[in-house]
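Note sheet for the following structure.
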Amino acid sequence: MSEQEKRDQAVQKESVSSDKKAKAPKKKEKKPNRILKWFKDLKGELKKVTWPTAKDTLKNVGIVIACVIFVGIFIWVFDFLARAVIEALLSLFH
């Protein structure tokens, strides 16, 4: 069998298979509910999450509380000094 005949047979097979595909009845595809799909995706993503342990969570909460206290003290000191400077300036010009 020559190369040309092999190519012709391959082309015929492709056209026959494409004709069969074209004649097959198309089924209506159901569109999945978007909200249901969103929840399924959410569930899949939550399985991938590495959740912190209780010990890590308590440690992080302690760090946050310490930082809040530190910043609060810093603002309180700055406010005290700013008030003292402003009162001193006002007493000079009053």
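Nothing here was measured: the structure is a model prediction, and the numbers come from that model.
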(message) Please determine whether residues Ile63 and Ile73 belong to a single hydrophobic cluster, defined as Ile, Leu, Val, Met, Phe, Trp and Tyr linked transitively by side-chain heavy-atom distances below 4.5 Å.
(response) no
(message) Within the structure provided, determine whether Leu81 and Val77 are in side-chain contact (heavy-atom separation under 4.5 Å).
(response) yes
(message) For the OG1 atom of Thr53 and the NZ atom of Lys59, what is their distance to the nearest 0.5 Å?
(response) 8.5 Å
When the side chains of residues 41-48 are checked against the rest of the protein, which donor-acceptor pairs come out under 3.5 Å, sequence neighbours left out?
from	atom 1	to	atom 2	distance (Å)
Asp41	OD2	Lys37	NZ	3.1
Glu45	OE2	Lys48	NZ	3.3

(message) Tell me whether Trp76 shares a hydrophobic cluster with Ile69, the cluster being built from Ile, Leu, Val, Met, Phe, Trp, Tyr side chains joined at under 4.5 Å.
(response) yes
